[in-house]
Enquirer: 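To start, I am sharing the structure in question, which I have written as structure tokens.
Numbers restart at 1 for each chain; the letters A, B, ... are given by sequence-line order, proteins then strands.
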Amino acid sequence: MTTISDTRAVSTRRRRRTRPGSKAAYAYIAPFFLLFAAFSLYPWLDTAWVSLHDVRLSTYHQQTWIGLDNYKNLFTNAFFWRAFKNTITIGIISTVPQLCMALGIAHLLNYRLRGRTFFRVAILMPYATSLAAATVIFLQLFDKDLGIINWFLSELHLPRVDWQGSKWPAQIAVSSIVTWRWTGYNALIYLAGLQAIDGTLYEAAAIDGASRWQQFRHVTIPGLRPTILFTIVVSTIGASQLFGEPLLYHNGIPDGGTSYQYQTLGLLMYQQGWTNDRLGLASATAWTMFGIIVIAVLVNLALTRRRAHHFAAPEAAPTLQLSEVTR
Amino acid sequence: MTSTVDRPEVHGKVVATGSEPRRRQRHRGQPMHGGPGTYLALIVVTIVSVFPLYYTIVMASHTNAELARKTPPLLPSTALFGNISKAFELAPLNKGLVNSVIVSSCITAGTVAFCTLAGFAFAKLRFRGSNVLLGLCVVTMMVPMQMGIIPLYMLMARLGLANHIEAVILPTLVTAFGVFFMRQYIASAVPDELIEAGFVDGANTFRIFRSIVVPAVRPAMTVLAMLTFLTAWNDFFWPIIALSSQNPTVQVSFQSLATGYAPEQSIIMAGTLYGTLPVLVVFALLGRHIVGGIMQGAVKG
Amino acid sequence: MPVPLHARWRAVAVLAVAALGVAACSSSKNSSAAQDPNAKVTLTVGLFGTFGFKEAGLYDEYMKQHPNVTIKEDDVEQSADYWTRLKTRLASGSGLDDVQGIEIGFVSDVVQNHASQFVDFASLPEGNTLKSSFYDWKWQQATTSDGKTLGLGTDTGPEAICYRPDLLKAAGLPSDGATLATKWASWDDFINFGKQYESSPTKPKGSNFVDSAASIFSTAVYQGNEAYDNSSGKPDVANSDGVASAWKYSTEAAQAKITAGLQQFSTPWNKAFSSGAFAAIACPTWMMGYIQSQAGDGNSGKWSVAPVLPGGATNWGGSWLGVPKASKHQQAAEQLVEWLTNKEQEVTMWTKGGHWPSNSQAAADPAVKGATSTYFSNAPVGQIFGAIADKMKIPPIGLYDTQIQQAFTTQLTNVETKGTDPSKAYNDAMSAIKQVTG
């Protein structure tokens, strides 16, 4: 049995003792759980209940119990599986480059710069611009006949691409809208995280001869680990539920293109629930998505942990102690 | 000058003992200056980010027929004020703006306050079930709540809040996103030792929160405020169902922009542009607060 | 150490201030109506898209005649979003406006599922007078099987063909309305004409004959005995003569490449009205206003209307105004609806806004029948659409018409632009329809 020191020890071992803050803690987390219980729990449970019934919004109060039939429908439904695959592909294309760029931009914004506030506001402008307006512009850029991108390709003697009709070009186009819209958002989150990293660590690393890249690997990344973890979880959740950008890309028609080439699960759910008025089926899709999202988040976390350990390998400068910042 | 060995090293961060405050402040944040490559990269990013907003201005300053031409215009023209006044005739833009400012401000204030409290509790306070509750909190983000709008509306109707802006404020007054975000930030930005020192010195929890944690997490609170404000401002789906043109948020007021003889893109863009202006103001005011590193050093009770 | 008192109070204070602030932000509710007919009343009118009452000055006129009434419009741009909101409010029974617009796309749903929630105009003292004022079919479409009429008709959409005389002339083809009326009598004729246009050596570069195969499909489907529903009121696409004929002609047009392959209501389609990308389009009355706003004043006189619809007269679109029973001002709302849909007002809506009346007395008015359009090369639009409106064939409408039509027109785009085989496209449409009907 170890003795518990009462000095400011360096131990990373968890100490069991009643902390003065414990009772206050319940009060501090109460607002979230109370508001959730008041306004989100009931819709949560109601959606689950509706998913076990055949319900249409027009006849909302006539709910026929059908048990798991909605779920069975989904698993044998080509639309569901196609949307599932599309969600994965669009999710990867729109999230991975986005988070990398966001990290890079945050790193740049962290330098001493003239006009720092201006740049910080500018990168959030995509999130402030009306999505409908932005999609109009992207549709023009990606127009098959009159768009700049195809014009550019034809100048380079490359074949024109059908950015609306063909599957991969359309998914890339939709992903580019998503990337454009959310990179600045994530960059600001990383920027906040960067403020928490003690500047003297960089100084110490520089003294020890670490290059900028090595500083990035051994000071920035470990310091940002909780934030990176956060953005990965949140981006995974967001990518899995994506429906706004693909909806507007086809002019508000929720089919994800004439061959459903970019219909995501979120968009399928939208189409089922609002356009086709099949609330029960849409609710089943929502809860199926929940299961998928939980798995996706766990998978992504596992992948990140391994890559991060690999990436920030401990051949670091000797005066630094790299350790788990996430407990 | 104390040697390296004497400085307590905690979790990879060198913590000042308060004996060299001046040196600390000089090294606040990244000591490096951005080079020309940095500026170039950021200018490119800025252009790409701002171009659609610029193009919204272009579209808003032309007439509808000019926009329908085969080659779209690239420079602004003169019809901006005409379009905005037509937009005002069609839609209750000012009412929507005022309501949105109220709604977004209330949501932002509530979110930042409650999420910082909860994040602090999860990050630094020990209590039974903290891991389970944190996991539960994160899990609540994973259920798509599109279909939940219907029972939520019925709930609001029963509370008598349909068509009132409380219906739009209350559901998102605290978000799991915010709690999780602040928790991660506080876990990494505030060393345990300072908290413990505070307890040892006899401060109560709220005092520690106010004096130690809040100053340290100002960048995160600012970023959370900006993102929350904007998310609330842009929220469209729920306000359309919960509110009407009589008591709209700005996104709901945009619905009336297309009610002329036929929907006119130029007027819609002009109205949308007007509705984005307050956001820019809020950002300019908040943006300068994403500066960190003030917690190294003196934390007196 | 327990949470100190002042910390707790602080938290409570923050919450209280937030709650107070939020309460102060709310607007006051309307006071409930007194029974006195002259009491001050605010009526909310829930609409979607472009009904045009405000622009035509009708609200101001009514408020002048009834000084105690204030009219406020409650808009949602897209009818799909509007319908979602209306369904939600009907399901919860609260938050409804005093007047709610009802579109042809969901009127059958209202009739089948919400009859008890709307005022029955047929049962009002003036019910019979009202009934005789509107086209029979328009009245019937908003009436339940046991005779309850849930809305009064605003506009309808008799269809003709809007075309560009200059493009036809350039291709060496006839371009005056009377000749075209004989050349476009049937869909076969229309498609043959299109092939002539396409193969003309002097055809303007980059143009096609018709905007889309969807244009043909959406029109032809309502020219048979059945459209998407059979006579028992169930969706029955596979056995519908309207669908069979519409699919046949539209795929024929697509494969003959006489269409521009545009998706209707998209931005490229909007631009095509001024760019000359197509020479003809199936044109309900409300499309004229749309063309005008998209093509702009610079194209005035370049478009015209031919006094014919291939395949027979039919209708596209149209709406009603209903009064939810949840309204606190039922009588005042009924009065407003009856006024907005009466003969005088519907004549105004046509002359000022191009909305063809569903009030048959209005349609017979000389001001309506004699209207011409400067924009459309002085075509006698009142006469053209009047003749068509009198002869319109109206097959039964169903619960899922909008979604089923969308499934078909989506697949037609594939046939037009990706060369998809029509039978595959048809099967894909059917599986999409299965997702709707269940």
Enquirer: Between A:Thr47, A:Ile105, A:Val233, A:Leu124, which has the largest tally of heavy atom pairs under 4.5 Å with chain B?
Expert: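 It is A:Leu124.
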
Enquirer: Can you name the residues that form a side-chain contact (heavy atoms from CB on, under 4.5 Å) with B:Pro278, not counting sequence neighbours?
Expert: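 Once residues adjacent in sequence are excluded, the partners of B:Pro278 under the side-chain contact (heavy atoms from CB on, under 4.5 Å) criterion are B:Leu97, B:Trp233.
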
Enquirer: How long is the span from the CG atom in B:Leu280 to the CE atom in A:Met125, to the nearest 0.5 Å?
Expert: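 So the gap between those two atoms works out to 4.5 Å.
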
Enquirer: Search all heavy atoms of B:Met269 against all heavy atoms of A:Val136 and return the closest pair with its distance.
Expert: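 So the two residues come closest at CE-CG2, 4.5 Å.
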
Enquirer: Within the structure provided, determine whether A:Pro226 and B:Tyr185 are in side-chain contact (heavy-atom separation under 4.5 Å).
Expert: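 Answer no - side chains too far apart.
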
Enquirer: Once you round to the nearest 0.5 Å, how far does CZ of B:Arg183 lie from CD1 of A:Ile29?
Expert: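 Spacing of CZ (B:Arg183) from CD1 (A:Ile29) equals 12.5 Å.
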
Enquirer: Under 4.5 Å from any heavy atom of chain B, what part of A:Ile137 do you find: side chain, backbone, both or neither?
Expert: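 Answer is side chain: those atoms of A:Ile137 sit under 4.5 Å from chain B.
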
Enquirer: I'd like to know which of B:Leu155, B:Thr56, B:Thr272 tops the heavy-atom pair count under 4.5 Å against chain A.
Expert: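 Top count of heavy-atom pairs under 4.5 Å with chain A: B:Leu155.
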
Enquirer: May I ask you to check whether over 12 heavy atoms, not counting those of A:Leu298, lie within 6.0 Å of atom CG?
Expert: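 Counting neighbours around CG of A:Leu298, more than 12 heavy atoms of other residues, nucleotides or ligands fall under 6.0 Å, so yes.
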
Enquirer: Look at A:Ile123, A:Val294, A:Ile189 and state which one has the largest set of heavy-atom pairs under 4.5 Å with chain B.
Expert: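 Greatest number of close heavy-atom pairs with chain B: A:Ile189.
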
Enquirer: Could you tell me whether the side chain of A:Tyr127 and the main chain of B:Leu230 form a donor-acceptor pair under 3.5 Å?
Expert: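 Flag not set: sc A:Tyr127 to bb B:Leu230 has no pair under 3.5 Å.
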
Enquirer: Could you have a look at B:Gln146, B:Met147, B:Met226 and say which one has the most heavy-atom pairs with chain A under 4.5 angstrom?
Expert: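 If we count pairs closer than 4.5 Å to chain A, B:Gln146 comes out on top.
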
Enquirer: For chain B, which candidate among A:Ala132, A:Ala128, A:Gly193, A:Ser240 shows the most heavy-atom pairs at distances under 4.5 Å?
Expert: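 Counting heavy-atom pairs under 4.5 Å, the top option is A:Ala128.
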
Enquirer: Please look at B:Val48 and chain A and tell me whether the side chain, the backbone, both or neither of the residue comes under 4.5 angstrom of a heavy atom of that chain.
Expert: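 Both parts, backbone and side chain.
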
Enquirer: Taking the six-membered ring for Trp, are B:Phe177 and A:Tyr185 parallel (under 30°), tilted (30 to 60°) or perpendicular (over 60°)?
Expert: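 Plane angle between 30° and 60°, so tilted.
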
Enquirer: Between A:Tyr28 and B:Thr116 (side chain of the first, backbone of the second, donor and acceptor by atom type, cut-off under 3.5 Å), is there such a pair?
Expert: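 It does not hold such a pair.
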
Enquirer: Atom CD of A:Gln195 and atom OG1 of B:Thr222: how far apart are they, to the nearest 0.5 Å?
Expert: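 Reported to 0.5 Å precision, the distance equals 9.5 Å.
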
Enquirer: Drop me the distance from A:Thr236's OG1 to B:Met142's CE, to the nearest 0.5 angstrom.
Expert: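 A:Thr236 atom OG1 to B:Met142 atom CE measures 8.5 Å (nearest 0.5 Å).
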
Enquirer: If the condition is side-chain contact (heavy atoms from CB on, under 4.5 Å), which residues does B:Pro144 pass it with, not counting sequence neighbours?
Expert: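 Per chain and number, B:Pro144 pairs via side-chain contact (heavy atoms from CB on, under 4.5 Å) with A:Gln241, A:Met269, A:Ala286, A:Met289.
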
Enquirer: Which bit of B:Thr276 is near chain A, if near means a heavy-atom gap under 4.5 Å: side chain, backbone, both or neither?
Expert: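 Side chain only.
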
Enquirer: Under a 4.5 Å cut-off applied to non-hydrogen side-chain atoms, are A:Trp180 and B:Pro52 in contact?
Expert: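 SC-SC contact between A:Trp180 and B:Pro52 confirmed.
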
Enquirer: Non-hydrogen atoms of chain B under 4.5 Å away: do they reach the side chain of A:Leu35, the backbone, both or neither?
Expert: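 A:Leu35 touches chain B through side-chain heavy atoms alone.
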
Enquirer: Using the side-chain contact (heavy atoms from CB on, under 4.5 Å) rule, pick out the option among B:Leu170, B:Leu173, B:Thr172, B:Val174 that qualifies with A:Phe39.
Expert: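 Exactly one candidate clears the test, B:Leu170.
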
Enquirer: Go through the atoms of A:Phe36 and report whether side chain, backbone, both or neither lie under 4.5 Å from a heavy atom of chain B.
Expert: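 Side chain only.
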
Enquirer: Which bit of A:Leu188 comes within less than 4.5 Å of chain B, counting heavy atoms only: side chain, backbone, both or neither?
Expert: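 Both parts, backbone and side chain.
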
Enquirer: For A:Tyr26 versus B:Arg128, what's the shortest heavy-atom pair and its separation?
Expert: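 Reported closest heavy-atom pair: OH-O, 2.9 Å.
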
Enquirer: Which bit of A:Val50 comes within less than 4.5 Å of chain B, counting heavy atoms only: side chain, backbone, both or neither?
Expert: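 For A:Val50, no heavy atom lies under 4.5 Å from chain B.
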
Enquirer: Could you tell me if the side chain of B:Tyr39 sits less than 4.5 Å from the side chain of A:Leu108, heavy atoms only?
Expert: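 Heavy-atom side-chain distance check fails, nothing below 4.5 Å.
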
Enquirer: Does any heavy atom of chain A fall under 4.5 Å from the side chain of B:Leu159, the backbone, both, or neither of them?
Expert: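 Interface part for B:Leu159: side chain.
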
Enquirer: Tell me, out of B:Phe254, B:Tyr55, B:Phe120, B:Phe180, who's got the most heavy-atom pairs with chain A below 4.5 Å.
Expert: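 With the most close heavy-atom pairs to chain A, the winner is B:Phe180.
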
Enquirer: Tell me, out of A:Leu113, A:Asp46, A:Ile292, who's got the most heavy-atom pairs with chain B below 4.5 Å.
Expert: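 Looking at each option in turn, the highest pair count goes to A:Leu113.
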
Enquirer: Can you tell which of B:Ala176, B:Ser49, B:Ser130, B:Ala121 has the highest number of heavy-atom pairs within less than 4.5 Å of chain A?
Expert: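 Heavy-atom pairs under 4.5 Å are most numerous for B:Ser49.
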
Enquirer: Between chain B and each of A:Leu41, A:Thr227, A:Val234, count heavy-atom pairs under 4.5 Å; write down the option with the most.
Expert: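 Top option by heavy-atom pairs under 4.5 Å: A:Val234.
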
Enquirer: Could you pull out the closest heavy-atom pair between A:Ala25 and B:Phe127, with the gap in Å?
Expert: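 In this case the closest contact between A:Ala25 and B:Phe127 is CB-CD2, 3.3 Å.
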
Enquirer: Flag the pair A:Phe32 / B:Phe114 as yes when their ring centroid distance falls below 6.0 Å, and as no otherwise.
Expert: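 Between A:Phe32 and B:Phe114, the centre distance exceeds or equals 6.0 Å.
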
Enquirer: Measuring heavy-atom distances to chain B, does A:Ala30 have an atom under 4.5 Å in its side chain, in its backbone, in both, or in neither?
Expert: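 No part of it gets close to chain B.
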
Enquirer: Between B:Ile43 and A:Phe119, does a side chain to side chain contact (heavy atoms under 4.5 Å, CB included) hold up when you go through it step by step?
Expert: CA-CA 8 Å; B:Ile43 288 174; A:Phe119 285 122; 4.2 Å; yes

Enquirer: Do the rings of A:Trp274 and B:Phe237 sit parallel, tilted or perpendicular, given the 30° and 60° boundaries?
Expert: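 Ring orientation of A:Trp274 relative to B:Phe237: perpendicular.
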
Enquirer: Can you tell me which portion of A:Trp287 sits under 4.5 Å from chain B's heavy atoms? Options are side chain, backbone, both or neither.
Expert: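 For A:Trp287, the contact with chain B is made by the side chain alone.
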
Enquirer: Sort out for me which of A:Ala282, A:Ser283, A:Gly104, A:Pro43 touches chain B most, counting heavy-atom pairs under 4.5 Å.
Expert: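 It is A:Pro43.
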
Enquirer: Say you draw a straight line from CG of B:Leu273 to OG of A:Ser130; how long is it, rounded to the nearest 0.5 Å?
Expert: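 Taking CG in B:Leu273 and OG in A:Ser130, the distance rounds to 10.0 Å.
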
Enquirer: Select one option (side chain, backbone, both, neither) describing which atoms of B:Cys115 are under 4.5 Å from chain A's heavy atoms.
Expert: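 Neither; nothing under 4.5 Å.
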
Enquirer: Where do B:Val139 and A:Phe290 land on the side chain to side chain contact (heavy atoms under 4.5 Å, CB included) test, with the steps shown first?
Expert: CA-CA 9 Å; B:Val139 157; A:Phe290 169 68; 3.8 Å; yes

Enquirer: Which one of B:Gln265, B:Met221, B:Met154 has the most heavy-atom pairs closer than 4.5 Å to chain A?
Expert: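 The option with the most such pairs is B:Met154.
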
Enquirer: Apply side chain to side chain contact (heavy atoms under 4.5 Å, CB included) to the pair A:Leu191 and B:Val223, showing each step before the final yes or no.
Expert: CA-CA 9 Å; A:Leu191 182 61; B:Val223 167; 5.8 Å; no

Enquirer: If you round to the nearest 0.5 Å, how far is CG of A:Leu131 from CG of B:Asn234?
Expert: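 It comes to 8.5 Å.
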
Enquirer: Please identify, among B:Thr38, B:Val143, B:Leu53, B:Thr46, the residue contributing the most non-hydrogen atom pairs under 4.5 Å to chain A.
Expert: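 Looking at each option in turn, the highest pair count goes to B:Val143.
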
